[in-house]
Structures are given as C-alpha cells and as structure tokens.
Amino acid sequence: MSEAVNAAVNEPIRVAVMEQLPKANVTARSPLAHSTRVVPGTIQETAGVYLWEEALRTHLAIRGNAGSADFSRGVEAATGLALPDRLQCSQSGDWSLSWIAPDEWLLIGPGKEAYAMELSLRAQLDGHYAVINLSGGQTLLRLAGPKARLVLMKSCPYDMHDRNFPVGKVVTTVLAKSQATVHRIGDEEWALVVRRSFADYVWRWLMDAGKEYDLGPRRPE
Amino acid sequence: MTQRNRLDTGGRIDRGTPLGFKFNGQHYQGFAGDTLASALLANGVDVIGRSFKYSRPRGIVAASAEEPNAVFQLGATEATQVPNVRATQQELFDGLVSQPTSGWPGLKIDFMGVVGSLLGRMLPPGFYYKTFMFPQAAWDTYEKYIRKAAGLGRSPRKPDVDTYDHLNHHTDVLIVGAGPTGLSAALSAARAGARVILADEQAEMGGSLLDCTDKLDDKPAAEWVRGTLQELAGYDNVLLLPRATVNGYHDHNFLTIHERRTDHCADHAPTNLSRQRLHRVRARWVVLATGAHERPLVYGHNDLPGCMLASAVSTYINRYAVVPGRKLVLMTTNDNAYRTAFDWQDAGREVVAIVDTRAYATGAWQAEAERRGLKILKGMAVIEARGRQRVTGAVVAGLTSDGNRVTGDRQILNCDTLASSGGWSPVVHLSCHTGSRPVWDDDAIGFLPGKTVQQQLVAGAVNGRYSLSDCLTDGASIGAEAATKAGFPAKPATVPFVRTRPEIGAMALFCVPHPKPNSRAPKQFVDFQTDVTAAAIELATREGFESIEHIKRYTAMGFGTDQGKLGNINGMAVAAKSLNQTIPETGTTIFRPNYTPVTFGAIAGRHCNDLFDPIRYSAMHEWHVRNGARFEDVGQWKRPWYFPKADETMQQALNRECLATRESVGILDASTLGKIDIQGKDAREFLGRIYTNAWAKLPVGKCRYGLMCKEDGMVFDDGVTSCMGENHFVMTTTTGGAAGVLEWLELYHQTEWPELDVYMNTVTDHWATMTLAGPNARKLLAELTDDIDLDRDRFRFMDWRQGTVAGVPARVFRISFTGELSYEINVQANYGLHVWETLFDHGAKYKLTPYGTETMHILRAEKGFIIAGQDTDGSVHPYDLGMSWAVKEDKPFSFIGKRGMKREDCVRANRKQLVGIKTKDPSVVLPEGAQAVDNPDHPLPVPMLGHITSSYYSACLGRSIALGVIKGGHNRMGDTVHYPLADGRIVEAEICNTIFLDPEGERQNV
Amino acid sequence: MFYLFCPYCGEHREEEEFHPRGQAHLSRPEDPDGCTDEEWGDFIYFRTNPRGLHHEIWVHAVGCRKFFNVTRDTQSYEILETYRMGSAPRITDLNDKQQSREVQA
Ligand SMILES: [Zn+2]
C-alpha cells in the first residue's frame, strides 16, 4: 500500500479514499458482537417480535444536489438505484438507498463492497458532492413480528401508524434517548440504522421493551 | 367481617368472587367489581382517616377522582408501596393491603388529636408563613411531623419491583372521558374513520351511565353502554383505554395519559408486564368530555363521616350495591339530587327528609317524591351536622330566598347519612392546563372551559350541559365536528331517547349560613384535605388578601393532592361573598397538571437503571473491562479512567501509567474524540473562517491544531484537523463537544455561508482510534506495519500516513497530546479490537501500558496543553491562554472570534490569564477551583486573582503541578500567590510557565 | 412539547427532534473589523424578547440536520409558520395570524 501513501502525500489528490477492509484474515467485530450471540434453540416459540443485527454491511453517506440531473444520473449509474424522494427508499437486491436529508442519502449494501462502490460513485459523480464511508460507524438492526410496531411505539415519538408510516418510508427520529433511521420494509418488518457507540444501549432498550411480547433475539425462520 | 351495608341484589359486582383485603391492619372482604372505597363502605368502615390540621375523623365523601379523604398508602411490602391512592379509584383485588396516610399514628388514638385542640388554634391560615418558614432550621424538624400528619404519604424505602413504560401515540381525535358524552362522541368520530383514542379513568367505561336509573331507548343504560363499546371495539381505528387518566394537557395538543395496567390485579405486576404506562399522545383534535363533579354544600360539621355527595351515594347504591347508612337526610339545591333519595328508598332504607333549599321547588321531581311518600322540607337547609365519629343528626332551619340568612325555628332530624348537592362543577382541569382561564356561567352555576389556542372542543357536562340527553346529543355532534376538523367528514351519531322528568332551576348556594357568624359557627369545611374552613377564608380576606390566587396560597385551599376538586368553587364563593363581589369578579384559580397524582415510575417509564441514559462504548470496550479498567463518564461515553493492577491505589496506578508512557510506551483509547469529515472545494476556506489559525497552505498529508472560538472571541473547542486531500479534511473535536461542534459548523454553513461548497458528516463512530505514546512507540508500530515508512524525517511530527497496521488498513497520524513521540492509529471500528489486541501481543517487550483519561490529563498538563472546557470556561480567549501562535490575525476573512477578542474588555492588561502554578511544597496538590489571593491577611473581602483549572501529582516530575488563571498572570512569572483552602490551610505557590516538561518539545520530535 | 413542521422533511415532528437556536434573521455584519465595540456587542449579545410574535431559528437535529425559521407566538406558544433558511416570514404581525395559520412549505 506504500504507493497509496505516497500518492496521498505527493500528488494533488482531492479526497482520500481507501479500502478499509483487511486483505488478511482478520475477524471483524460488529458493534453488537458481544450481545447477539444466541444459543440455537433458545428462541421463544411465542415471540411476538424478533430482533437481530445485520452486521458488517456497507454504509455510505452520499451528499449532493438532488436538483442536479447529473447528480441523480450519476448515483443511479453507480448504484442502479434511483435517487429516492423525501422520506423514501429505493431498493434493489441487496442495496438500498434511503433519503436522509434534502442533500443526503444513505446507501446500504453488501459488507465487502464499500470501497468499490465509493470508487464507482466517485467515477460517476462530478462537481460538488461527497461520499462518506460510515460502515464502521453504524449498524443495521432488524425488528420484525406482529408486535414490532408496538416496540417502536414504546421507543420512538414518531407516528408509526400504517396511515403515516407505510411500507417503504424512511424516517430519522428519536429512539429512546438516542436516535435511529427507521425504515419500514414490510408489513411487520422494520430496519433500524443506529450509531455504533449507541448500539448496545439501543439493543438493551429494545430487548427490554419487547419483553412483554416475548421478544426473541433472533430472526424468525 | 360481614358486609353489613351490602345489598343482596343489584350492582355491578360479582358476589361469586369474594376478595380479602386489609385496611389499617384489619381484614375485610369485598367483591370483584368493588373499589377499595365501596368495599370499606360495604363493611361499614366510617372513619378512614384523620384530618390534617384539626385531626378530625373523616369518612369517604365521593365515589371517584375528587375524593379528598380516602387517600391511602397501598402496598403489601416495602418495595411495592404506593402513596396517594384514592380508594375511590383503586379497584379491589385479593390481598390488597392499605393504610390510611392521614391520621398518624392511628385512627383511634391519635397523637395529633391530643395536640389537635391546642395545635388547631395555632394553625390559622397563613400558618406556614407565620410560624415555620423562619427559622429555616426549625422547618426541617416540623416538616417531618407535618408530612406524617398531613396525609401526604411516603415513598417506598426499597427499589420498586415493578416496571413502567411509555407508549407514544398520534391520533386524529382524542376523547377524554367515556361517559355518555364521550361514548357518543367516539361513535360519531369512529364511524367517520378517524383514528380515535377514548380514555377513561375508570375500570369500566360508561361513566354516569353505570349507575344511572334512567332508560335509554326504554332499555337499561348499561345495555346501551355495552352495545356502544362493542361497536367501538370492532373498529381498528379506535383505541379504548380504560383505567387511564388523562392527567396533563400540554402544548400543541400533546396529552399524557396515566394508565394503571395491573394495579387492579395484585400487589405487583406479573413478570414482563409494566404495572403502569404513560401514554404520550399527540392529537389533532381533543374532545374534552370530562363531565362534572358534584359540589357539596358547606355547613357546620360537614366533615363528619356520613356526610357525602348525593351522587356518590347513588353510585354506591346502584353500581356497588352498597348503601352507606340506614337513615338519609338529603339536602339539595337542585332537582337532580332527588334521585339519591329515590335510590336510597328503593334500596329499602329510610329517607328521613329531602331538605330542598328552594322554596319554589314544585315540579315533576317533587311530585314523584310526594308520590313515594317522601318528606320534602322546602326553603330550608341543614345548617349543622351532629355527631362525633359519625353523623347522628342534622340541624335544619329555614333559609331566606337569597340563601344569605337562616330564618325561623330549628329542628333536628335523626339520621346517619347526610347527602348534599350544591349542583355541579364542570371538570375544567385539562382545559386549564392549556393556560385557558375558565369563565363563570350563571346558568350552569359553575366555571366552564375558557377560550384556548389548542385544537380543543368541549362537550357535555364540562360545558355546562348536565342533563343526560344533552350530554348524548352534544357528544355526538362535537365528536362529529372533531372528526370533520381532523379531515374525516362525519355526521353526528343518532343518540338514544332518554325518558326522564323535566327539571326546574337550581339555586346558586355554596355555603349554608349559620345563625352564628362563620367565625364562631361550628367549623364549615370548604377543603377537607387541607382543612380549610369558610371562616379561614373570611379571615384571609379580612387580613387583606383580595386576589383569589393569594387567598389560595394563604389558606392552602386546593393545595392538597386532590387539588381542591370539591372545595375550590365553594371557597371562591365564600371569598366572593366576603369581598362583596360576584364569583366572576373574584375569579378562579386554575389547575395545573397532573389531574390526579402520577407515580414517578410512570413518569420515568423505561428510562431508569441501566437504561436511564445512553451508555456509549468504543470498539475496544470489552478489552478495557477484561483488563480491570475503572471507568469515567465523559458525556455519555464510558472511558477508561485508569487501569489499576491488583491492589494499586488510584495514585499508584497513575504514577505507573505516566512513567511507563514517558519511559517506554503507553496506549490510550482515543476513539471517543469527535471526528468530522469535511468534503468540498471550499473546505479549506470554511476551516479558515471557523478556526482562529491559518489553513490556506496546509498541505495534503499534514495535520494542524486549531482553536475554535465563538463570536465573542472566547475559546469553545479545539482539536487537530488533518488535510486528507485538497477538498477533504477530517476535524477532531473534544469528546464532549463533538455534537455541539458539528451543529455549530452547520449553523454557520447553512445560515451565513451557504455559498461555500462543503459537506460535513460525523465519522466519530466509524473510526476506532488508539494513541501509542512514548519513546518506544515507533519501534512497536514498526513491528505491525510494513507499508508505512516510519522514518523520523519522512514521517514527521504533524504528518499523517495511510497504510496497514496489524493487517488492517489504517490512517496513522503523528500527533501528540502527551509531548511524547506519538502515533494515533485509526482503523475502521469493526477492526479496532483486533488491532488493539495485536498491539498488546507485540507490546509486552516494551511494557506496553494502557492508560486512561486521568493519565492523559496529567501527561498533557505536564506539557501545558489545555483541555477546552476544563482550562477554559467560555470567558477565556486565545491570548488569555497564551496561545497567540494559534491566532492568525491577517487572514483575509474575519474569522469567528476575531472581532470579539478585540473588544475593549478583551484587551485589558489584567485579564485572567492561564499560567502554570507550582506549590512551594511539592507534595501538596491544590484542589481544582481553589482561588488565588495575593495577601491572605487582607481584610475581607479579599481580592481574588483567579482559580486553579487543572491540578495533578506528576510522577515524572516528582511534584504537584497545576494550571490556573491569574489576573495579569503572563506578566507575573515567578510571583508568589496564596490559595486559602476550605479546610483552613493556606497554600503558597509560585506562578510559572505552563510547560513543566520538555519546554523545547524535543521528545515528540525524536 | 411543541409539534414543529420541518420545511425540509415536509412533516410535523416532535420537539425532541429539534434544538432551538435563538432569534432568527440576525446576520453577521459584513465587515466585523469595521464594527465599533458597541455594534459588535449588539450583534453578539442583544436579542429581542418579545411577548407575542417571534421569529426563531430551530434545527431538525435528530432528522435532516437542517436549520429553518419558526414564527411563534411566545404568549400562546402557537407556531404560526415555519420556513426555510433564506426566505422571509409571511407573518410579521400577530393580526396576520388568522389569515395564515401554519404555513407549510
Ligand atoms: Zn427535517
């Protein structure tokens, strides 16, 4: 990698981009690696809600001007996903692109592809934009089951009702005393993006809030 | 114990399910469906407490939230104690244990009772102000006894075994109260498809319909209730919340509802179920259908057990099949209360007389009473109750038609129950919570909700429409209006026909006059819970209190846990009369949240114990725990504070950590420092505007320290920012300042300089950061990287490089907060633990030593490096800190803080300036915050020079060191100052340079 | 607990998601160095504290992170409008409030 070092120093590069994943066989530890170890078979048969971590995914923040056709074309060319409207999410296969702010989107995809995707975005985009790798800084939680919405109502002040929060909507809101980007991906399925350092707190909170519904710390079969 | 007051038939109780319970140490039995109050009455328990000031025996007066006397302490164990529970709202369960909270130490033999007659005289209105507020010290002693005697209850001494939670809702229409009004409102709104929440404080919805003998569509009212609830339960847009008191109405239609989920089941909640829940509701429209509380009449000895609200007597008979006595005298100002006499008679007990204060009372209700053979005494009133532990008789006399004077002869009626009705007081509490003052209505003889800015509608009795058929119709149309306004066009639900008798006008009477002036008449109680009498209110007005708010505070009227639900209007009427005003002229006090007491558990919800506040962890946290770290809270982060070995004291551990770092190599988890990624072609310009120093020429691959000021020129954060690319910087901030700094940057970008092309995102959590510091740092790092050239001249101080550390791609910054040769290794946080552990795998031979925040503080203080927020406090600018090198005054843009630090006050010579402080005795460590003086013998007040901001024992220097501010300190090097301490010692110290170690900065450049 | 309409998210959100940032429509003087001490002091320290109509800056801190303006009645706590940075309030007099309740972006 010494070429890269020297490149960073000697050539007039604009933005430092790096492959952040090790080539060597190094164990990654997700933010919830310590709490999500579940003994098989301990799952509650009666669970009304399930909680699990989709660990070690690619998380890229994309910043840019939504009004610029070049920008949205570039994002679509790189990701295969249309720039979603306000509070919406575009999804295709393993990738999802969520609206975060008028000039910010969150791209989530397979864990190993952050670097390649960032390069591809940068290759397609021009002008004023930014791509920020957040893969180590946040994680994806999944909440599912008939009682999942009640667990969210215990946790978030946002209106989780079907009429206000249909499938496909994405909202960044308060979760307990932290925050989460909440995406409704199905009738009874939700994805929550939380910051790494808060993940343990959020996990413990959701586990506690779900006790009433026999929350099972695992994905449903 | 027999339930001697229980009827054999009727009521909504289940005689097949007997429930045992304890009150005041005695065992009793009631039935499922009872409240604690109805069960006590069924058992003939008359005295349930003693009054606060006069220690008089008190009984149950009401049947719901307005009850002032039957306020109990519940709980079978210490951990399940709940104070301030109204027996009228507590459902009975098997094994319930309750204690009176008033009447300490016992109901029968009573300490306060002995002192009562004495103390009673000593407790005139204004008693607190006059007697106890001064001296303060005495108050502490009195308070204990007053609280005990005052029925305030006590908190549990053991941790609550139950859990509590919150549930957030949004709704189109929130209907408060599920009586006839609320139910028909709910029907209208629900049928239109609006999201509806219907909340009611009782276990069963239906309100007055549950004890009503009127027929709806010629069928029992309860049948209509059942049908309506069935329909409502069938809508998935409707949420029915029984046992749920809407206790607060806040801004923008935000309401809190206190639901008692399991309080009716057992002493504590089943596992995994919260005992109580606070619903936090944001409603588009609110319909208040809170009804009205019956107003008792005020007369002599009206607090004797057996004196009750007329409607409460009916409720006990019809709903609970309890007749709380044998012989009833009913006093009323209105037709409505005649029902109570009929109910009593229908229960097979004797109605001694109906005392109607209206001479003109001749109508359908009177005709019915006569048909039933009941005696009506018209134009008369009960002026006084007789009895000691319970009513034994009522003294009745004639009343002038204006109700102001007693006329004619007195007669005594033998009775054991004296029910009274002075009409109705609309329950305007929630409307008051929104800041709206209620308005007097002569027809309703009560205060109605006033104008509000909230999206609020009122319906039924709370709006002065007391009759059942008015409530039903009003509810239906207001419910429809609310739904329509919320966007769901609705038609009023058709309401059932109510067959009833026409009523004639009620009389506005509050306090029944007595032949003696009130001051010498038998005590006429206005507020039972705080023992405020009519005479006390009159005294307050004589002492010059004219504003009702002042009278309230002077007499303590309405200050109890019942907020004066029964007494306030009567009190205002007494005050008005005494002031020769009308009630609207006198005005009313308003109510604040909460409507009835809410447990702390419900308020806290899940936010307690381990979930009280977020605890943030770095990626290496597990290692720190495994290695015995003691932790320090820094903001919400848990940071290792120090790593003691076996039996080390904290100071021993710090000494070892400091020396190991200076002598070989130490490692710090620095992941918590704020990190902000800044991209865009104007990033450099932006930095130049928000930092005080220069950024125009910082090359890619270099790092620079920067100070950030507010517009007043005062330092508020600092950190190292690195140039990653021409359009790319990564800024670090203090741990605690991270979120605030990012918001500050965005504020300036979005409001002042939107033309600058920059995007800023937090990457604090993305990178795990570990700082290797010490002379062996390079050697250790070299073992773990083969692609970063660590040569001292090619990877220099304040450079950063990209490469691989322990097999993981990393950014390594050669920056130093310790003054040592130092590398800050950043890897994606998922690999942080791996790299950290690998460093330790290789570090043993260099005695790699983990250190925490305390050692970090000492090491940086030895070098005179500041910590923003510790050595600065918002009143210190860069020049005060002696950091003029970090201010670039000739930047083209007038950076934030530049103008501020040039203000006249900021260029004074004797500003407090940061200096080093060395105690003359090197073993003395000054406390942070100690104040410096020049001459400790100076007569008071001694001029203060400034305080110690940082102070430590430095093992490396073998002495204490400190940083502090001193007026004009930069020109006082070598001067002696004194620090008088709280323990009497005066510490002599010398002002010196802030850099105690390696002033040339050679160690970090090796 | 306010309920604020974020003009960028296009929705009402709970107050917990926002931070207030003080009086709106104050701009940093073009030439700070040319300001007298008094002018600079006015800029950094002096704020109105009206009973009634007030224009304020809020930020959707837990949300889109955008700053925006709020016209609020400080007496009744009514939010009369919210509007984006760089635009002017429609309501500058409490008498306007009937015509234009809660202007939404
Ligand atoms: Zn927003």
Side-chain angles (χ1 to χ4, degrees), chain A residues 61-67 83-89 97-106 130 132 134 137-138 152-166 168-184 192-195 197-198 201-202 205, chain C residues 1-28 55-74 76-91 100-105:
Chain A
I62 303 173
R63 308 288 304 266
N65 178 2
L83 216 48
D85 285 341
R86 190 150 82 170
L87 305 178
Q88 296 300 309
C89 177
L97 183 61
S98 299
W99 187 93
I100 298 292
D103 57 0
E104 181 168 351
W105 295 264
L106 174 62
I132 307 103
L134 301 175
Q138 50 195 38
L152 287 173
M153 285 171 70
K154 289 184 179 190
S155 313
C156 306
Y158 189 74
D159 184 359
M160 298 289 168
H161 193 272
D162 286 349
R163 289 186 192 171
N164 181 66
F165 209 141
K169 193 170 183 178
V170 182
V171 163
T172 303
T173 187
V174 169
L175 192 156
K177 282 181 186 147
S178 180
Q179 66 179 75
T181 298
V182 184
H183 177 196
R184 187 167 189 183
L192 279 62
V193 177
V194 299
R195 282 179 67 174
S197 58
F198 289 96
Y201 165 76
V202 170
W205 175 280
Chain C
M1 287 285 288
F2 292 173
Y3 201 37
L4 292 160
F5 183 86
C6 172
Y8 296 95
C9 290
E11 286 192 343
H12 277 88
R13 298 293 185 92
E14 296 293 329
E15 186 178 329
E16 298 163 63
E17 295 187 9
F18 300 91
H19 295 163
R21 294 301 303 222
Q23 190 178 335
H25 305 302
L26 295 166
S27 54
R28 194 170 191 262
H55 303 290
E56 305 168 335
I57 298 184
W58 288 68
V59 56
H60 193 183
V62 180
C64 65
R65 301 201 288 131
K66 294 289 171 247
F67 289 78
F68 60 96
N69 300 298
V70 171
T71 305
R72 185 168 70 91
D73 183 337
T74 60
S76 67
Y77 288 0
E78 278 175 288
I79 306 290
L80 305 170
E81 60 177 337
T82 62
Y83 52 102
R84 294 175 181 224
M85 272 303 140
S87 48
R90 284 205 234 167
I91 298 167
S100 183
R101 298 190 87 89
E102 195 115 8
V103 180
Q104 304 187 348

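Throughout, a chain's letter reflects where its sequence line sits, starting with A, and its residues are numbered from 1.
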Considering non-hydrogen atoms only, spot the tightest contact between A:Ala101 and C:Cys64 and give its length. CB-O, 3.4 Å

Please name the pair of heavy atoms, one in A:Val174 and one in C:Val62, separated by the smallest distance, quoted to 0.1 Å. N-CG1, 3.7 Å

Can you pull every donor-acceptor pair closer than 3.5 Å across chain C and chain A?
{"unit_1": "C:Tyr8", "atom_1": "O", "unit_2": "A:Arg86", "atom_2": "NH1", "d": "3.2"}
{"unit_1": "C:Glu11", "atom_1": "OE1", "unit_2": "A:Tyr158", "atom_2": "OH", "d": "2.5"}
{"unit_1": "C:Glu11", "atom_1": "OE2", "unit_2": "A:Tyr158", "atom_2": "OH", "d": "2.9"}
{"unit_1": "C:Glu11", "atom_1": "OE2", "unit_2": "A:Lys169", "atom_2": "NZ", "d": "2.4"}
{"unit_1": "C:Arg13", "atom_1": "NH1", "unit_2": "A:Thr172", "atom_2": "O", "d": "3.1"}
{"unit_1": "C:Glu17", "atom_1": "OE2", "unit_2": "A:Thr173", "atom_2": "OG1", "d": "2.4"}
{"unit_1": "C:Arg65", "atom_1": "NH2", "unit_2": "A:Glu104", "atom_2": "OE1", "d": "3.4"}
{"unit_1": "C:Lys66", "atom_1": "NZ", "unit_2": "A:Asp103", "atom_2": "OD1", "d": "3.1"}
{"unit_1": "C:Lys66", "atom_1": "NZ", "unit_2": "A:Asp103", "atom_2": "OD2", "d": "3.2"}

